Asker: 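Have a look at this one before I ask anything.
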Amino acid sequence: MKKGLKVLVSLAVLFVLGLPVFSQPSSKSIETFVMETFDSAGEQNYLYSGTTYSWDWAVNTSRFVAEGYPKTGYYEGIPLSLKALLKGTDVERKVFGVKIAFNRKGDNWFEIYPTKDDKPFEIPFVGSVSQLDFWVWGANYNYYLEVMLRDATGRVHVLQAGSLAFNGWKNIVVNIPGWLQQHSHLRSGPENMTFVGFRVRSDAEEYVDNYVIFFDQMKYTTNSLSFIFDGYEMKDVDFGESSGEGEAK
């Protein structure tokens, strides 16, 4: 190798190794956040951007829902796999359930979504999410589950979570597509991707007069530092009633 080329290679190596740590996005900050345990309403204490959030759950349905439905509540229970992990704890474990009926077969659906102060509430995600993970109790009906997410531009996306034609508890993992925009560079509007809710659809030929579903522990895997940069805290500076001329001296 020529002497000049050796010098160039050495300088390149020094440049890469000499980069300040804060300028390189972290690839090792992979974490799992528990979003919801479904043990009770209003006690999630979910921490996001320095603020703690809690919520309840509500259900919206298509037009042919039977009178008196949907019915919801928190019921004692837990998947066996989670029970083994939580062995020895004294906390009473519950799950969130929905019972619903429709007056006729067809394209029936219902949505399960978070609420706060009796209004729809979208749960914000921390970092760049790669997977959403939750437990569902299926009644072996030919129904289908969807997950609704709002990206950082304000658009709602519906991701398929699979068939509900199984008996008992099943752990469902939904991969978040890389093309979904999770962060915004704008100072107004949504900052990060949010969880909107679940949607359950019936097959057109399936029975709809007595359906039950339960949910337990919802969590997600994320690169929590993927959107943190040097000076991140400055983006939320409050300029108040400043005239724009700076502080008087």
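Only this structure's heavy atoms are used, side chains among them; waters, hydrogens and symmetry mates stay out. Counting begins at 1 with the first residue of the sequence. All figures in this text were calculated on a predicted structure; none of them were measured in a lab.
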Asker: Which distance, rounded to the nearest 0.5 Å, do you find between the CD of Glu122 and the OH of Tyr113?
Answerer: 11.5 Å

Asker: Taking Tyr46's backbone N and O only, do any of them form a donor-acceptor pair with Gln44's side chain (distance below 3.5 Å, no angle check)?
Answerer: no

Asker: Looking at side-chain heavy atoms only, is the closest gap between Leu180 and Met193 below 4.5 Å?
Answerer: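 Side chain of Leu180 against side chain of Met193, heavy atoms only: contact under 4.5 Å found.
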
Asker: Kindly write out the residues that satisfy side-chain hydrogen bond (donor to acceptor under 3.5 Å, both in side chains) with Asn103, not counting sequence neighbours, or none if the list is empty.
Answerer: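 Expected list: none.
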
Asker: Looking only at non-hydrogen atoms, find the nearest pair between Gln182 and Gly127 and report the distance.
Answerer: OE1-O, 3.8 Å

Asker: What residues, two or more places apart in sequence or in another chain, satisfy salt bridge (charged side-chain N to carboxylate O under 4.0 Å, His left out) together with Asp39?
Answerer: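 Arg93.
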
Asker: Report whether Val95 and Leu164 are members of the same hydrophobic cluster (ILVMFWY, side-chain heavy atoms less than 4.5 Å apart, transitive linking).
Answerer: no

Asker: Would you indicate whether the side-chain heavy atoms of Ile123 and Met35 approach each other to under 4.5 Å?
Answerer: yes

Asker: Restricting to ring pair (Phe, Tyr, Trp, His ring centres under 6.0 Å), what partner residues turn up for Tyr74, sequence neighbours left out?
Answerer: Phe96

Asker: Hey, does Trp169 have a side-chain heavy atom less than 4.5 Å from the side chain of Phe214?
Answerer: yes

Asker: How far apart are the C-alpha atoms of Lys170 and Trp135, what are their side-chain angles, what is the distance that settles it, and do they pass the side-chain contact (heavy atoms from CB on, under 4.5 Å) test?
Answerer: CA-CA 6 Å; Lys170 181 178 181 180; Trp135 288 82; 5.7 Å; no

Asker: Would Ser54 and Glu43 satisfy side-chain contact (heavy atoms from CB on, under 4.5 Å), going step by step from the backbone distance to the final call?
Answerer: CA-CA 6 Å; Ser54 293; Glu43 296 184 4; 5.6 Å; no

Asker: Please report, to 0.1 Å, the donor-acceptor pairs under 3.5 Å made by any side chain of residues 154-161, with sequence neighbours excluded.
Answerer:
{"residue": "His157", "atom": "NE2", "partner": "Asp151", "partner atom": "OD2", "Å": "2.8"}

Asker: Test of understanding: with ring pair (Phe, Tyr, Trp, His ring centres under 6.0 Å), list the residues that count as partners of Phe110, not counting sequence neighbours.
Answerer: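 Checked Phe110 against ring pair (Phe, Tyr, Trp, His ring centres under 6.0 Å); zero matches.
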
Asker: What residues, two or more places apart in sequence or in another chain, satisfy salt bridge (charged side-chain N to carboxylate O under 4.0 Å, His left out) together with Asp133?
Answerer: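 Counting only residues at least two positions away or on another chain, Asp133 forms a salt bridge (charged side-chain N to carboxylate O under 4.0 Å, His left out) with Lys219.
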
Asker: With sequence neighbours excluded, tell me which residues meet ring pair (Phe, Tyr, Trp, His ring centres under 6.0 Å) with Tyr220.
Answerer: Phe33, Phe125

Asker: Kindly determine whether Ser130 and Ile176 satisfy side-chain contact (heavy atoms from CB on, under 4.5 Å), including the steps that lead there.
Answerer: CA-CA 5 Å; Ser130 57; Ile176 308 302; 5.8 Å; no

Asker: Under 3.5 Å, which donor-acceptor pairs do the side chains of residues 204-213 form with other protein atoms, sequence neighbours left out?
Answerer:
{"residue": "Glu206", "atom": "OE2", "partner": "Asn142", "partner atom": "N", "Å": "2.7"}

Asker: Out of curiosity, does Ile172 fall in the hydrophobic cluster containing Ile112 (side-chain heavy atoms, cut-off under 4.5 Å, transitive links)?
Answerer: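 Yes, same cluster.
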
Asker: Where is the tightest heavy-atom contact between Gly77 and Asp216, given as atom of each residue plus distance?
Answerer: O-OD2, 4.5 Å

Asker: With a 4.5 Å limit on heavy-atom distance, are the side chains of Phe134 and Val174 in contact?
Answerer: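 A side-chain contact exists here, since the closest heavy-atom pair is under 4.5 Å.
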
Asker: Run the side-chain contact (heavy atoms from CB on, under 4.5 Å) check on Val126 and Tyr48 step by step: do they pass?
Answerer: CA-CA 7 Å; Val126 176; Tyr48 173 79; 3.7 Å; yes

Asker: Are Asp56 and Pro114 close enough that some pair of their side-chain heavy atoms sits under 4.5 Å apart?
Answerer: no

Asker: Which heavy atom of Ser202 sits nearest to which heavy atom of Gly106, and what is that distance?
Answerer: OG-O, 3.1 Å

Asker: Would you mind reporting whether Leu149 and Thr194 have side-chain heavy atoms less than 4.5 Å apart?
Answerer: no

Asker: State which residues pass salt bridge (charged side-chain N to carboxylate O under 4.0 Å, His left out) with Asp107; sequence neighbours excluded, sorted by chain then number.
Answerer: Arg201

Asker: Can you tell me if Asp203 and Tyr141 form a side-chain donor-acceptor pair at under 3.5 Å?
Answerer: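 Per modelled atom types, Asp203 and Tyr141 side chains form no pair under 3.5 Å.
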
Asker: Identify whether Val196 and Phe121 are in the same connected component of the hydrophobic contact network (ILVMFWY, side-chain heavy atoms under 4.5 Å).
Answerer: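 No.
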
Asker: Determine all donor-acceptor pairs shorter than 3.5 Å in which one atom belongs to a side chain in residues 57-65; sequence neighbours excluded.
Answerer:
{"residue": "Trp57", "atom": "NE1", "partner": "Glu36", "partner atom": "OE2", "Å": "2.8"}
{"residue": "Ser62", "atom": "OG", "partner": "Trp109", "partner atom": "N", "Å": "3.1"}
{"residue": "Ser62", "atom": "OG", "partner": "Trp109", "partner atom": "O", "Å": "3.2"}

Asker: Locate the shortest heavy-atom distance separating Val136 from Phe166; write the atom from each residue and the value.
Answerer: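 Closest pair (atom of Val136, atom of Phe166, distance): O-CE1, 3.6 Å.
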
Asker: A quick test of your reading: do over 12 heavy atoms of other residues, nucleotides or ligands sit less than 6.0 Å from CG of Asp118?
Answerer: no

Asker: Can we say Lys94 and Glu76 salt-bridge, meaning some charged N sits less than 4.0 Å from an Asp/Glu carboxylate O?
Answerer: no

Asker: Linking I/L/V/M/F/W/Y whenever any side-chain heavy atoms sit under 4.5 Å apart, do Trp137 and Leu145 land together?
Answerer: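 Different clusters: Trp137 never reaches Leu145 through Ile, Leu, Val, Met, Phe, Trp or Tyr contacts under 4.5 Å.
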
Asker: At what distance, to the nearest 0.5 angstrom, does CG of Asn45 lie from OG1 of Thr52?
Answerer: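 One finds 6.0 Å between CG of Asn45 and OG1 of Thr52.
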
Asker: So, Thr221 side chain and Gln131 main chain: donor-acceptor pair closer than 3.5 Å or not?
Answerer: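 Judged by distance alone, no pair lies under 3.5 Å.
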
Asker: Check whether Val98 and Tyr69 end up in the same hydrophobic cluster, where Ile, Leu, Val, Met, Phe, Trp and Tyr are linked by side-chain heavy atoms less than 4.5 Å apart.
Answerer: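 Val98 clusters together with Tyr69.
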
Asker: Mind checking ring pair (Phe, Tyr, Trp, His ring centres under 6.0 Å) for Phe195 and listing every partner two or more places apart, or none if nothing turns up?
Answerer: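 Counting only residues at least two positions away or on another chain, Phe195 forms a ring pair (Phe, Tyr, Trp, His ring centres under 6.0 Å) with Phe198.
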
Asker: Only counting residues at least two apart or in another chain, list the ones meeting side-chain hydrogen bond (donor to acceptor under 3.5 Å, both in side chains) with Tyr75.
Answerer: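 Counting only residues at least two positions away or on another chain, Tyr75 forms no side-chain hydrogen bond (donor to acceptor under 3.5 Å, both in side chains).
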
